[in-house]
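Bear in mind the structure is a predicted one, so any value in this text is a computation, not a measurement.
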Amino acid sequence: MSKDLNDFIRSRIRADLDEGDLSDGIVTRFPPEPNGFLHIGHAKSICLNFGVTEEFGGSTYLRFDDTNPRKESENFVESIKSDVRWLGFDWKDKLTFASDYFDQLYSYAEQLINDGKAYVCSLTTDEIRNTRGTLLEPGSDSPYRDRSSEENLSLFRDMKAGKCEEGEHVLRAKIDMSSPNMNMRDPVLYRVIHASHHRTGDDWCIYPMYDFTHCICDALEGITHSLCTLEFENHRPLYDWVLENIDINYHPPQIEFSRLGLEYAVMSKRVITELVNRGYVEGWDDPRLYTIAGLRRRGVPSESIRNFCRRIGISKQDNLVETEYLDFCVREELEQDAPRGMAVIDPLRVIITNFDEEDEVLTAAWHPKNPELGNRHLTFGREIYIERADFEEIPPKKYKRLSPGAIVRLRYAYIIRCDEVIKDGNGEVVEIRATYFPDSKSGADTSGLKPKGVIHFISAANSIAAEIRCYEHLFISKVPNGDRLENELNPESVRIYSGLIERALFESDAKSFQFERNGYFFRDESTSRLVFNRTVTLRDKWKPTT
RNA sequence: UGGGGUGUCGCCAAGUGGUAAGGCACCGGGUUUUGAUCCCGGCAUUCGCAGGUUCGAAUCCUGCCACCCCAGCCA
């Protein structure tokens, strides 16, 4: 974790620091709009913005970009705060809202009007769109473009005073209707919205647009490096224009990097909102979603997310990261300290015909390499359960599990041999009859037997029923089409099993476990029932060769 | 056909004129009572393509090609 990160933004920061005028360190900001939950793409930005100030010294603002009351709400600001905190970052006293600056923003707008650099336009939305021109053709000037400053000011004050309907007037910057950059064709700066704001209530009925707000807030907060994603590159000239045309003494540089692309994930808040609202997922924290809350509920440690963001790096290239990379980062963390235990996801009963006594108590380590985690007890008895997938009547080549006549070791216990297969009327295997070898006890094996493999098991007497949820990709394709969601969903994205877990697992207060040979699982805290979510499978090189 | 970006291994990504880091994935081999972990080894004569400059180019120049973003009173 100590290895120095190197990317074009950090190089730029190092260079700026060398220049010398950043005596108080650098200042960055993470500026979410409170209109949804944060996802792993935001985590990339959070790790960057908070990461660089940790590395180089300085501070990072958590600034809510709340200029559209129609879409924003208090519960989203709370979820965002808790997600940022959970990710391991601290904004200290630097919690702000764009709405904190509404007064200042307003007076800068009046300044622009007084300087003849902004005007009130009374065209309708459609008219504005139709006169904006196209990518190939210039737009045409609004007939209201040459209103006097006095008239503009009076109209703008009427807008502010609530004397106007929504859509009746907007404030526009007077720049250049024939600019090849569409953002410079007299962009709207303020619009009328008659809606209560989650913080300012009904104090305002005009709200500033992003392009006007963001750069000024950055300047006011003394942001030394305004980091944003590539789609804002075209907005940079406007960012600069606003700051150059108002009376403000600071002008942060906007630096763009590419957003995270992740296979099988959708990073559009609009689309995630739709998945939630249409009931395609359980909620914003559905474990199949790559939201921070979803990842947390699936059992992904925040450290893994931070490591993932560090490994993928920062560049300006469009990217589509493979999910295997995230999985690797998750296993890397969990491998170190998740207690091990046995859980049978899809149980198949096995009767040990030559075992008639009480269950025998056995001891097993909670972790093979981490003795500090101590030991647990489990039992072996006449009636046990093994994983249905660990038995094959007709085993493929190199099969190392149980099949008729074959022997296999039960982890931490004895070697057994399958003697008989019992099926139901449909020909489905419902029970195995087996014998165990008393001299093959784990750790004291004198049997001389050499089974090809080891499988996990749970004695009926030592088992606790648990619901086990195994997740797969939510989508069928690597790059899901957000406009055709219903055709993109994987019908098997979650499989729910009635499984069995060791009693010791049930009694442990750990949250993350490795169910041996099955994967890492996390106790679902959203229910009082005993439910485990599969965080990630174990890596598995086994592939039948026939 | 306008403007702004980006093109280095299957996926991320360093490299900024001195002769292609690293990680993931993958492929071997070793250890292993998790087909896990761990450990060793392999994996771009080549940097979108074509020319040019240079003793020397992924890095400089020219021309092409491909992909992404922009026509919200969203952010």
Distance test, side-chain N/O of A:Gln317 to OP1/OP2 of B:U8, below 4.0 Å: yes
Touch class at under 4.0 angstrom, heavy-atom based, for A:Arg236 against every strand present: nothing
A:Phe8 vs A:Lys71, nearer the 5' end of RNA chain B by closest nucleotide: A:Phe8
Touch class at under 4.0 angstrom, heavy-atom based, for A:Thr134 against every strand present: base
B:U45 to B:A50 separation - P atoms, rounded to the nearest Å: 15 Å
Whether A:Glu55 side chain and A:Leu5 backbone form a donor-acceptor pair below 3.5 Å: no
A:Val321 side chain, from C-beta outward: closest of B:A25, B:C12, B:A14: B:C12
Euclidean distance for C1', B:A58 against B:U6 (whole angstrom): 15 Å
Contact under 4.0 Å: A:Arg63 side-chain N or O vs B:A75 OP1/OP2: no
A:Asn181 (side chain) and B:G2 (base): donor-acceptor pair under 3.5 Å: no
Presence of A:Ser442 side-chain N/O under 4.0 Å of B:U33 phosphate oxygens OP1/OP2: no
Cationic N near anionic O, under 4.0 Å, A:Arg311 to A:Glu332: yes
Separation of B:U37 C1' from A:Phe515 CZ (nearest whole Å): 19 Å
Check: A:Tyr207 ring centre within less than 6.0 Å of A:Phe212 ring centre: no
B:G72 OP1/OP2 closer than 4.0 Å to side-chain N/O of A:Arg132: yes
Touch class at under 4.0 angstrom, heavy-atom based, for A:Leu262 against every strand present: nothing
Any A:Arg539 side-chain nitrogen or oxygen under 4.0 Å from OP1 or OP2 of B:U37: yes
Sugar-phosphate, base or nothing in reach of A:Gly519, heavy atoms under 4.0 Å: nothing
Sugar-phosphate only, base, or nothing, as touched by A:His235 at under 4.0 Å among non-hydrogen atoms: base
B:G35 phosphate, OP1 or OP2, under 4.0 Å from A:Arg517 side-chain N/O: yes
A:Leu230 side-chain proximity, nearest of B:U1, B:C74, B:G5: B:G5
Nearest-Å distance for atom pair CG/P, residues A:Asp126 and B:G72: 10 Å
Donor-acceptor pair under 3.5 Å, A:Lys369 side chain vs B:U37 base: yes
Sugar-phosphate only, base, or nothing, as touched by A:Arg401 at under 4.0 Å among non-hydrogen atoms: base
Sugar-phosphate, base or nothing in reach of A:Phe232, heavy atoms under 4.0 Å: base
Sub-6.0 Å ring centroid separation between A:Phe380 and A:Tyr436: yes
Phosphate contact (B:C74 OP1 or OP2) by A:Asn35 side-chain N/O below 4.0 Å: no
Syn/anti state for B:G72 [syn: chi within 90° of 0]: syn
Side-chain N,O (A:Arg191) to OP1/OP2 (B:A75) below 4.0 Å: yes
Same-atom distance (C1') from B:G52 to B:C70, integer angstrom: 35 Å
B:U16 versus B:U54 - spacing of their P atoms, nearest Å: 23 Å
Sugar-phosphate only, base, or nothing, as touched by A:Lys269 at under 4.0 Å among non-hydrogen atoms: nothing
Touch class at under 4.0 angstrom, heavy-atom based, for A:Val170 against every strand present: base
Residue whose closest nucleotide on RNA chain B lies nearer the 5' end, A:Gln514 versus A:Asp7: A:Asp7
Given B:C73, B:C70, B:C24, the nucleotide with the shortest approach to the side chain of A:Glu322: B:C24
Integer angstrom distance from the P of B:C38 to that of B:C24: 9 Å
Residue-phosphate contact under 4.0 Å: A:Ser258 side-chain N/O, B:U6 OP1/OP2: no
Under-4.0 Å salt bridge between A:Arg199 and A:Asp100: yes
Ring centre gap for A:Tyr210 and A:His214 strictly below 6.0 Å: yes
B:A21: pairing nucleotide in any strand, Watson-Crick or G-U under 3.5 angstrom: none
Ring centre gap for A:Tyr144 and A:His169 strictly below 6.0 Å: no
Nucleotide nearest A:Asp65 (side chain, heavy atoms from C-beta), chosen from B:G3, B:C70, B:A75: B:A75
Protein-nucleotide distance (A:Met182, atom CE; B:C74, atom C1'), rounded to Å: 16 Å
A:Leu238 CG to B:A71 P, straight-line distance once rounded to whole Å: 13 Å
Touch class at under 4.0 angstrom, heavy-atom based, for A:Pro138 against every strand present: nothing
Touch class at under 4.0 angstrom, heavy-atom based, for A:Tyr190 against every strand present: nothing
Between A:Phe521 and A:Phe513, ring centroids under 6.0 Å: no
Under 3.5 Å: donor-acceptor pair, side chain of A:Thr229, backbone of A:Arg259: no
Whole-Å distance separating the CZ atom of A:Arg409 from the P atom of B:G35: 13 Å
B:A75 pyrimidine/purine six-ring stacking with A:Tyr210, under 5.5 Å and 30°: no
Sugar-phosphate, base or nothing in reach of A:Leu320, heavy atoms under 4.0 Å: sugar-phosphate
Nucleotide nearest A:Val454 (side chain, heavy atoms from C-beta), chosen from B:U34, B:G2, B:A25: B:U34
Candidate nucleotides B:A75, B:C70, B:A36, ranked by approach to the side chain of A:Met209 - the nearest: B:A75
From B:C70, B:A36, B:C12, nucleotide with atom closest to A:Lys541 side chain: B:A36
A:Asn68, nearest nucleotide to its side chain (from B:A71, B:A36, B:C74): B:C74
Presence of salt bridge, A:Glu335 and A:Lys369, under 4.0 angstrom: no
Complement of B:A58, any strand, by Watson-Crick or G-U distances under 3.5 angstrom: none
Integer angstrom distance from the P of B:C61 to that of B:A21: 25 Å
Nucleotide forming a Watson-Crick or wobble pair with B:G2, both distances under 3.5 Å: B:C70
Separation between the P atoms of B:G15 and B:U59, rounded to whole Å: 15 Å
Distance, P atom - from B:G2 to B:C64, rounded to whole angstrom: 12 Å
Touch class at under 4.0 angstrom, heavy-atom based, for A:Lys400 against every strand present: base
Sugar-phosphate, base or nothing in reach of A:Asn319, heavy atoms under 4.0 Å: sugar-phosphate
